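None of these values were measured; they are calculated from a predicted model. For reference, positions follow the sequence shown, starting with 1.
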Amino acid sequence: LEQVAADFGDTRRSELGSAEEIVEYDPQAYIVKENTNVVVTKEGWIKRVGQMSSVAKTRVREGDAVLTVVPGSTLDSVVFFCNDGIAYTLPIHQLPISSAYSEPLAKRAKMKDGVSVVGALTTDARFVPSLEEVGDEVGLTLLIATKAGQVMRLPFEAFRSPSTKSGRKFCRRGKTDHVAYVELVRDAETMFMASRKARVLHFAIDDVPVLGNAGKGVRGIKLEAGD
């Protein structure tokens, strides 16, 4: 080896790089950005489609119906809110592309039997402005109401990043209670709560406290037994 080095050796032509020059792997850089829509049905089936001429023409299983259609790009995520108080944030590019029925959300999330989806929102800043765009310390908030009449608000920012299959808890409900409504507070200033027995309460959304994390909230409307 010493003789070979003496006969053929020369100075090193390539330079050794430092750890600071190593570029970290970014999986987002390999995702093709494209606009799309995520269809969510009342029975919790999901699929990704491109352009939609009509929601009514979207194929769903017999007896099922479209709950909502969530817009976004393949670089963003969709947050699925379930009636047991758990939310699942899934990257849009990982959702199945299909013109048929596609697959249940439970295939990609650890949902308990009997749990259903009550709402879904995009993390795409074109539709849901970021904390910096809103310009305050909280950003847009979620308005949450339960079957038992409890209400609360939570900052949406905590749900933007993808979750694990176990999801994130956004509501601590009672044993017999479940989440009935989840939506972003945008321009609305007041809300109505109505019961099965036709009792209605109208109050300011600002009266509903913004919680730092999942909680039981406050009583929005007092319900009688069986209401």
Side-chain angles (χ1 to χ4, degrees), residues 37-46 52 55 65-72 76-90 92 95 105 109 111 115-131 133-163 167-174 177-196 199-221 223:
N37 298 281
V38 177
V39 179
V40 187
T41 75
K42 292 183 177 180
E43 293 186 356
W45 284 63
I46 58 174
M52 296 184 64
V55 175
V66 174
L67 173 67
T68 186
V69 177
V70 183
D76 298 292
S77 300
V78 174
V79 190
F80 300 92
F81 297 93
C82 297
N83 65 352
D84 64 345
I86 304 295
Y88 305 91
T89 305
L90 304 181
I92 290 178
L95 302 183
L105 174 60
M111 298 171 62
V115 171
S116 61
V117 179
V118 294
L121 294 168
T122 183
T123 64
D124 191 327
R126 293 175 298 175
F127 305 100
V128 181
S130 64
L131 187 65
E133 292 175 300
V134 174
D136 60 24
E137 297 180 354
V138 178
L140 292 181
T141 59
L142 297 164
L143 179 60
I144 303 160
T146 75
K147 182 181 178 182
Q150 295 293 109
V151 292
M152 68 202 77
R153 291 163 65 194
L154 279 178
F156 179 71
E157 289 303 308
F159 299 90
R160 283 190 184 272
S161 60
S163 66
R168 296 185 178 96
K169 185 178 289 293
F170 68 90
C171 176
R172 298 187 180 280
R173 58 193 177 85
D177 197 9
H178 66 253
V179 177
Y181 176 85
V182 180
E183 188 53 83
L184 278 176
V185 178
R186 296 182 185 270
D187 300 323
E189 297 180 352
T190 64
M191 68 175 293
F192 289 89
M193 293 192 79
S195 73
R196 184 179 300 171
R199 296 182 67 244
V200 178
L201 189 64
H202 183 206
F203 53 90
I205 293 177
D206 284 343
D207 291 341
V208 181
V210 179
L211 306 181
N213 46 45
K216 292 185 177 180
V218 297
R219 180 177 292 172
I221 186 172
L223 301 174

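- Residues Arg153 and Asp206 meet the side-chain proximity criterion, which asks for heavy atoms closer than 4.5 Å.
- Taken from CG in Asn83 to CE in Met111, the straight-line distance is 8.0 Å, to the nearest 0.5 Å.
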Show the numbers, then the answer: is there a side chain to side chain contact (heavy atoms under 4.5 Å, CB included) between Leu142 and Phe159? CA-CA 10 Å; Leu142 297 164; Phe159 299 90; 3.7 Å; yes

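- Proximity of Val38 to Ile92: side-chain heavy atoms (C-beta onward) are separated by under 4.5 Å at one or more points.
- Val117 is listed as a side-chain neighbour of Val40, based on a closest heavy-atom distance under 4.5 Å.
- No side-chain heavy atom of Val118 sits under 4.5 Å from any side-chain heavy atom of Leu67.
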Residues Val208, Phe203; criterion side chain to side chain contact (heavy atoms under 4.5 Å, CB included); working and verdict: CA-CA 9 Å; Val208 181; Phe203 53 90; 3.7 Å; yes

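- Closest approach of Met152 and Cys171 over heavy atoms only: CE-SG, 3.6 Å.
- For the pair Leu143/Val182, no side-chain contact is recorded, criterion being any heavy-atom separation below 4.5 Å from C-beta on.
- Under a 3.5 Å cut-off, the side chain of Arg172 and the backbone N or O of Lys216 do not form any donor-acceptor pair.
- With hydrogens and angles ignored, the 3.5 Å screen pairs a side-chain donor or acceptor of Arg173 with a backbone N or O of Asp84.
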Please report the C-alpha distance between Met193 and Val200 in whole Å, then the side-chain angles of each, then the deciding distance to 0.1 Å, and finally whether the side chain to side chain contact (heavy atoms under 4.5 Å, CB included) criterion is met. CA-CA 6 Å; Met193 293 192 79; Val200 178; over 6 Å; no

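- Closest heavy-atom contact between Val128 and Arg186: CG2-NH2, 3.9 Å.
- Contact annotation: the side chain of Arg219 approaches that of Gln150 to within less than 4.5 Å [non-hydrogen atoms, C-beta and beyond].
- Residue Ala120 comes nearest to Thr68 through the heavy atom pair CB-CG2, 4.0 Å, listed as atom of the first residue, atom of the second, then distance.
- Considering all non-hydrogen atoms of both residues, Leu131 and Asp136 come closest at CD1-O, 3.4 Å.
- Across all non-hydrogen atoms, the minimal contact from Val66 to Lys42 is O-CE, 4.3 Å.
- For the pairing with Leu105, the side-chain contact (heavy atoms from CB on, under 4.5 Å) check across Val115, Leu90, Leu95 returns one residue only, Leu90.
- Aromatic ring centres of Tyr88 and Phe81 lie farther apart than the 6.0 Å criterion allows.
- Once rounded to the nearest 0.5 Å, the distance linking CG of Leu223 with NZ of Lys147 reads 10.0 Å.
- One finds the CG atom of Asp76 at 4.0 Å from the CG atom of Asp124 (value rounded to the nearest 0.5 Å).
- Using modelled atom types and a 3.5 Å distance limit, the side chains of His202 and Thr190 yield a donor-acceptor pair.
- The distance from the OH atom of Tyr181 to the CE atom of Met191 is 7.0 Å, given to the nearest 0.5 Å.
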Just do the side chain to side chain contact (heavy atoms under 4.5 Å, CB included) check on Ile144 and Leu154 with the steps written out, would you? CA-CA 8 Å; Ile144 303 160; Leu154 279 178; 4.0 Å; yes

Between Arg168 and Ser161, is the side-chain hydrogen bond (donor to acceptor under 3.5 Å, both in side chains) condition met? List the steps. CA-CA 11 Å; Arg168 296 185 178 96; Ser161 60; 2.8 Å; yes

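- Listed here is the closest heavy atom pair of Pro155 and Val210: CD-CG1, 4.0 Å.
- Within the 4.5 Å cutoff, the side chain of Val79 has heavy atoms near those of the Phe156 side chain.
- Open room surrounds CD on Glu189; 12 or fewer heavy atoms of other groups in view lie less than 6.0 Å from it.
- Under the 4.5 Å side-chain criterion, counting only non-hydrogen atoms from C-beta, Val151 is in contact with Val218.
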